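What's counted below: heavy atoms across the whole structure, side chains too, no hydrogens, waters or symmetry copies. The structure displayed is predicted, hence computed values, not measured ones.
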Amino acid sequence: MILRLPHAFFVVFYLNFSVFAFEMLLPRIIAPFWGSSYWIWAATIILVMLGMSIGYFIGGKKRLLLSFEKNSMYYFAFLGILSFLFPTISSWSIQHSSQFLFSGAIINGIFILIPFIILVIISAATMVCFSPFIYQRFIKNISHLFLLGTTGSLVGIIVQTFIFIPLFGTIKSFCFIGFIWILFAIAEILLKKKIIPAIITLLILSAFCFVNISDNRLKLPTFFESEKQLSPFGNIEHRLLYSTESPYQWIRIYENTKQNIIELTLNESFVIHSNYYNINPFEIRLNDYLFVGAGLTFLNSVPSDGQILILGASGGTMIQIINHYFPNMKIDAVEIDGLIYKVAQKYLHLDREMKNPNINFIVEDARMFLNKKNLNKNSLSKKYDLILMDAYSGGIIPPHLATTEFFSLLRQNLKEGGLFGMNVPVFTLNDPLLSAIINTTSNHFKHLFITNYDISRLLILSNNPTLGELKTFSNSQTEHLAAHDTYKLLFEEKIEKINLTNYNNSNNNKSEFQAGFTDDLAAVEWIAFKSYSNLLR
C-alpha cells in the first residue's frame, strides 16, 4: 500500500494520541498495588519516554522504511492486540512484585517487575516507531505533521483525563485505543481488497471487545489470580463485594466473613480506610485508634453541641461513631472523592448520616475547602472546636496538607483553645517523617499528645493551657466507655505528652527538616520512601 498524505496526517495524530493516553492510563494500573504518589508518575514518565526514544531510533533506520509501508496492517493489528492485553499482563506482574516487596523480598519483587518494565517500553516504542517513516515519507509537510502530532498528544491527555477515565474506566480506555488501531488494520486490508482477512480481523476485534468490556471484566478481580490475593492481607476470609474506579483511585469493598465486618480500601489494599461492624456497629475497638484517641480522650473538652471538622472523611466511620455518642455535635465532613460517599451509603450504611441536618458533607480537597472558607468573610464566624485529619494518598500524607502554610490556615479555622487531631501513618515514634511534621506543627501549637499505636500515630495538638493533663469522661453519654478495655489500654499505656516549645531543641529530635515543611519544600514522599526502605531492610 502507498501511504497517502491525509492518511499519514491521521496516523501521526493517533500515534501521539495513543502514547500520551497510554501514559495517563498506566498509573491507574499501578495504583491498586503501589499507590498513586508522584514517584509512580515519575517512574511512568521515565519508562514511557525511554520507550519513545527507542522507538524513534528504531523507526528512523532506512532499512525499515519499505517494511513499514508493506506491513503497516500487521503493525496496526499488533498495537491493537497489545492495547487489549496490556491491563491483564501488566497487572499480573505488578501484583506479584508488590507481594514480594511488602514481604521484604526486594530483589525478587524487582525481578518479577521486569516483565512489566519491558512491556511498557515495548508498548511506547511500538507506538512511535512508525512516526519517523511518515516524517521522511512526507518531508515537505513535516511542519504540519509535527503540529498534528503535538495536537494528538494534547487531545490524548485531555480525552483520557476528563472523559474516558472518569466515565468509562481504565480497561475500557485501553480497549478504545486498541479498537481504533485494529480499525486501521481492517482499513488497510480492505484497501488491498482482501475481504476474508478483513472479516476475520473484525471477528477477532469483536471477541477482544466482548471479553474486555463485559461487566465481569470491568471488575478489579480480573487484575488478580484468586480471591485469596484479592483480600487486603492475603486472607481468604476477606470476600470482595464491590469494586469501582473513581477519578482519584480504585475503591473496593470487602466483607470480613470471620468477624462480620464490611471494610473499605483505596488503591493499595493493605490499608483499611473505613469499616462497619455488622453485629455491633458502634462498638469501639483498638483499630479505631483515631476515634479512641481524639473522640474519647479529648472530646470531653469539646462542648456537647460543638463544631467538628473532619478532613479526609473516607467512608464515614468517624462520622457514624461520633454522631452516635455525641448526637448534638455538628460535623462538617470533607472528602475529595465524592464517589466514596455514594459507595459508603450502600455498603457502610452511611444513609442515616447523609440525612442528618447536623452533618454536612463536602466533596472537595481539604486545603481548597479551608482556602475558600477564609476567602468568604462570613464563614469565618464559624470556627471549629475540633478538627480531625485522616487524609493521605498512596499511604502518604499529601504534601500540601503537611506544610506550615496549611497548618496556619487550619489554625485560623480553629477556635481559641480548640483541638486538632492528625493521623500520621508511620511505624515508629522516631520516624523522621513524624519528627518533621511535629516540627512543622510546633510553629502553630504549644501542646501535643501522641498515641503510640502499631502502624500509625495520632497527634492531638492545641494551644489550650488546660490540656496539660488527661481527664476522665464528663459526658454522661460516654461515661460507661471509660471502663472499656480498648480505652484503658490507650489511655494508660499508649499516649505520650510532648512539650512542643522545647521539641526543636531536643537531642532526640534528629529530623532533616528541623524548621519543618513549607509549600516550597515538603519532601513528604521522599522521607516516607526512605522510612519504608529502612523498614524493609
Checklist entry - Which residues satisfy the side-chain contact (heavy atoms from CB on, under 4.5 Å) test with Leu241, sequence neighbours excluded? => result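 Expected list: Arg239, Ile253, Glu255, Ile262, Tyr347.
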
Check: [Y] and [X] side chains under 4.5 Å, non-hydrogen atoms:
{"X": "Val155", "Y": "Ile158", "value": "no"}
{"X": "Asn275", "Y": "Leu348", "value": "no"}
{"X": "Phe406", "Y": "Leu370", "value": "yes"}
{"X": "Gln249", "Y": "Asp337", "value": "yes"}
{"X": "Thr518", "Y": "Thr440", "value": "no"}
{"X": "Gln160", "Y": "Leu25", "value": "yes"}
{"X": "Thr244", "Y": "Tyr242", "value": "yes"}
{"X": "Leu266", "Y": "Trp250", "value": "no"}

Please work out whether the ring planes of [X] and [Y] are parallel, tilted or perpendicular, with thresholds of 30° and 60°.
{"X": "Phe130", "Y": "Phe76", "result": "perpendicular"}
{"X": "Phe174", "Y": "Phe22", "result": "perpendicular"}
{"X": "Tyr135", "Y": "Phe146", "result": "parallel"}
{"X": "Trp181", "Y": "Phe184", "result": "tilted"}

Atom of [X], atom of [Y] and distance for their closest heavy-atom approach:
{"X": "Thr44", "Y": "Leu26", "answer": "CG2-CD2, 3.5 Å"}
{"X": "Phe407", "Y": "Leu401", "answer": "CZ-O, 4.1 Å"}
{"X": "Val128", "Y": "Gly55", "answer": "CG2-CA, 3.9 Å"}
{"X": "Ile81", "Y": "Ile182", "answer": "N-CD1, 4.3 Å"}
{"X": "Ser243", "Y": "Leu240", "answer": "CB-CD2, 4.3 Å"}
{"X": "Ile396", "Y": "Tyr392", "answer": "O-CB, 3.0 Å"}

Checklist entry - Do Asp365 and Lys372 pass the salt bridge (charged side-chain N to carboxylate O under 4.0 Å, His left out) test, and can you show the C-alpha distance, the side-chain angles, and the key distance before you say yes or no? => result CA-CA 11 Å; Asp365 176 84; Lys372 288 182 179 179; over 6 Å; no

Interatomic distance, [X] atom [atom1] to [Y] atom [atom2] [nearest 0.5 angstrom]:
{"X": "Leu410", "Y": "Met422", "atom1": "CG", "atom2": "CE", "value": "9.5 Å"}
{"X": "Thr441", "Y": "Arg411", "atom1": "OG1", "atom2": "CZ", "value": "11.5 Å"}
{"X": "Ile54", "Y": "Met49", "atom1": "CD1", "atom2": "CE", "value": "12.0 Å"}
{"X": "Cys129", "Y": "Met52", "atom1": "SG", "atom2": "CE", "value": "11.5 Å"}
{"X": "Phe116", "Y": "Ile29", "atom1": "CZ", "atom2": "CD1", "value": "8.5 Å"}
{"X": "Leu388", "Y": "Phe420", "atom1": "CG", "atom2": "CZ", "value": "8.5 Å"}

Counting distance only, does the side-chain N/O of [X] pair as donor-acceptor with the main-chain N or O of [Y] below 3.5 Å?
{"X": "Thr150", "Y": "Leu147", "value": "no"}
{"X": "Ser314", "Y": "Gly316", "value": "no"}
{"X": "Thr403", "Y": "Pro399", "value": "no"}
{"X": "Ser274", "Y": "Leu264", "value": "no"}

Item to check | Candidate pair Asp390 and Met318, rule side chain to side chain contact (heavy atoms under 4.5 Å, CB included), full reasoning | outcome: CA-CA 10 Å; Asp390 192 17; Met318 282 285 297; 5.9 Å; no

Item to check | Pair Thr404, His444: side-chain N/O donor-acceptor within cut-off below 3.5 Å | outcome: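 Checked: Thr404/His444 side chains pair up, N/O donor to acceptor below 3.5 Å.
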
Next on the checklist: Evaluate Phe369 against Leu309 for side chain to side chain contact (heavy atoms under 4.5 Å, CB included), listing each step before the verdict.
Outcome noted: CA-CA 11 Å; Phe369 169 76; Leu309 172 63; 3.7 Å; yes

Item to check | Chi angles and distances behind the ring pair (Phe, Tyr, Trp, His ring centres under 6.0 Å) call for Tyr14, Phe17 | outcome: CA-CA 5 Å; Tyr14 193 68; Phe17 174 97; 5.4 Å; yes

Item to check | Carboxylate-amine/guanidinium contact Arg367 Asp519, below 4.0 Å | outcome: yes

Item to check | Steps toward side chain to side chain contact (heavy atoms under 4.5 Å, CB included) verdict (Ile319, Phe361) | outcome: CA-CA 10 Å; Ile319 301 169; Phe361 291 90; 3.6 Å; yes

Item to check | Thr317 and His273: CA distance, side-chain angles, deciding distance, side chain to side chain contact (heavy atoms under 4.5 Å, CB included) verdict | outcome: CA-CA 9 Å; Thr317 301; His273 293 76; over 6 Å; no

Item to check | Residue among Asn16, Leu82, Leu79 satisfying side chain to side chain contact (heavy atoms under 4.5 Å, CB included) with Met127 | outcome: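 Between Met127 and the candidates, side chain to side chain contact (heavy atoms under 4.5 Å, CB included) is satisfied uniquely by Leu79.
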
Item to check | side chain to side chain donor-acceptor pair (under 3.5 Å) against Glu245, all qualifying residues, sequence neighbours excluded | outcome: Arg28, Thr170

